[in-house]
Amino acid sequence: MAAAALGSGTGGRPAKAAFVTQPPNVLIVVTDDQPRGTLSAMPATKHWLGPHGTRYPNAFVTTPLCCPSRSSILTGQYAHNHHVQDNTHPENLDVRSTMERYLQGDGYRTAIFGKYLNGPNLNLSPAYFSKYAIYLRSEDAYYNSRWNVNGDIRTIGEYGTTFVADKAMNFIQTNEKNDVRPWFLYLSTPAPHRPFVPEYKYRGFPFASMEPRPSMLETDKSDKPAYVQAASGSVDRAQKTRKKQLRTLLSVDDMMRRLHRHLVRLGEVDNTIVIFISDNGLSWSDHGLLGKRGPYTPSVMVPMLISYPPGLGQGTVDTRIVANIDLLPTVLQAAGISSDPRYPIDGRSLLDSSWSRDHILNEYQQEHGPTPTWAALRNDSYHYIEYYDETGAITFREYYDLVNDPFELVNLLGDGDPTNDPPNAAALSAQLVQDKQCSGSNCP
Ligand SMILES: [Ca+2]
Ligand SMILES: [Ca+2]
Ligand SMILES: [Ca+2]
């Protein structure tokens, strides 16, 4: 057990803080396909992690898809470095580069309840987790689903989110009876992934419709790539999807309320780093797209909150550009664990307030469905996107002025008007070539 934070930091990046005397418990809650703007349906979560934690309004997932994003959470690496580029190759993950390996190796008791990585085989046990209950696909995990519970394949009738919550309560209770070792609990709910099955008690729960945002009403898509022009999602369908998602989140909020009370009762709330994040956002008919995988804001930005009273502000907002790749270095710093130099970490610790990101890289490799392979750079003011064919040649480009066009309605490189083209497009393209090959400290 590391008794104090090591000054060498994570992945070659210098660490400033060295306040760890007792390693904290680590609780990570990962929801599935939860877009930004949905915490309004989760008052208990907001009232816990809001006043007692830090909110990240500019939080991204580096790849907006389940398996790649979850691998980035666990490794602190972009998908081009952990090599889980799609939902069908989870075996590409080198499990020795993961949070669970680091924490278990340092003496933590580890558990995962919920979704690990999508995979072909439910029989495989997740490495470095001593306790587990996992399912393969959130699609099937709401009621009467197949789970691998510590190696035992069982059908669980209980609502998936409640089952995960019960397991979590039990795991925390058991470990706190003998409070010698800290614990790491990775909780991942089926909610709010399609088919959006609510818990029985929340069926038909009334939510008001949202005011459609401009990206849901875009009529002229002549500036957009072909797959976007072909997308025909309606506002009506988006409203229905949103309400269904919110109903499933009510059960996640119940889980968070139970966890919070449990930690308060056990006196562990100040000695636990609690991270809440979604693995990707979801497009609600923005530009006609219903789903994830695309480069636009609703799919790449996610809700993210962290409570860690010893090391992070309480009731504060951190407006830096942050991402799923920052969670591993954050946890390692909080626990005082040095990373393995064989696995360079692309992200940076959020406990260190001295850095800021000039831009973030987003990347997606086509697997199935119409969304082509793409990569993008963005910050608060611009969004530059390239699409590629099988040879890697650029097939289409997009540039949005996010200051004047925050809903990405006018692609300045596709509007037929050369006079408003961004003068730095070639430089952005060169930067993208570089970032797509970045590793460790030279990553954005
Ligand atoms: Ca997902
Ligand atoms: Ca347009
Ligand atoms: Ca133009």
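Predicted model, so just to flag it, every value in this text is computed and none were measured. We count ligands from 1, going down the list as the structure has it; atoms in each ligand are counted the same way.
Residues Phe184 and Tyr108 place their aromatic rings such that the two centres sit no closer than 6.0 Å. Taking the centre of each ring, Tyr296 and His287 come in below the 6.0 Å mark.
Scanning for side-chain hydrogen bond (donor to acceptor under 3.5 Å, both in side chains) contacts around Glu199 gives Ser251, with sequence neighbours left out.
Rounding to 10 degrees, one finds that the Ca ion (ligand 2) sits at the corner of an angle of 110° between Leu409 O and Asp223 OD1.
Pairs engaging residues 377-437 under the disulfide (SG to SG under 2.5 Å) rule: none recorded [sequence neighbours left out].
Between the Thr63 side chain and the Leu65 main chain, no donor and acceptor come within less than 3.5 Å of each other.
Sorting the N, O or S atoms of Glu218 by how far they are from the Ca ion (ligand 2) puts OE2 first. Asp220 contributes O as its N, O or S atom closest to the Ca ion (ligand 2).
Taking a cut-off of 3.0 Å, the protein N, O or S atoms nearer than that to the Ca ion (ligand 3) are Leu412 O, Asp415 OD1, Asp417 O, Asn420 OD1, Asp421 OD1.
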Under the side chain to side chain donor-acceptor pair (under 3.5 Å) criterion, do Ser429 and Glu386 qualify, and how do the steps go? CA-CA 8 Å; Ser429 190; Glu386 290 181 351; 2.5 Å; yes
Run the numbers on Asp236 and Lys240 for salt bridge (charged side-chain N to carboxylate O under 4.0 Å, His left out), then give the verdict. CA-CA 6 Å; Asp236 182 53; Lys240 287 183 177 137; 3.1 Å; yes
Evaluate salt bridge (charged side-chain N to carboxylate O under 4.0 Å, His left out) for Asp253 paired with Arg257, printing each intermediate quantity in order. CA-CA 6 Å; Asp253 202 44; Arg257 183 182 297 106; 3.7 Å; yes
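Looking at Tyr116, Tyr132, Phe113, Tyr135 one by one, the single match for ring pair (Phe, Tyr, Trp, His ring centres under 6.0 Å) with Trp147 turns out to be Tyr135.
At a cut-off of 3.0 Å, Lys221 is not counted among the residues with an N, O or S atom near the Ca ion (ligand 2).
Sparse packing is recorded around NZ of Lys131, with 12 or fewer heavy atoms of other residues, nucleotides or ligands lying under 6.0 Å away.
Judged by a 6.0 Å distance limit and a 45° cone about the ring axis, Arg320 is positioned over the six-membered ring of Trp355.
Within the protein, the number of N, O or S atoms lying under 3.0 Å from the Ca ion (ligand 1) is 6.
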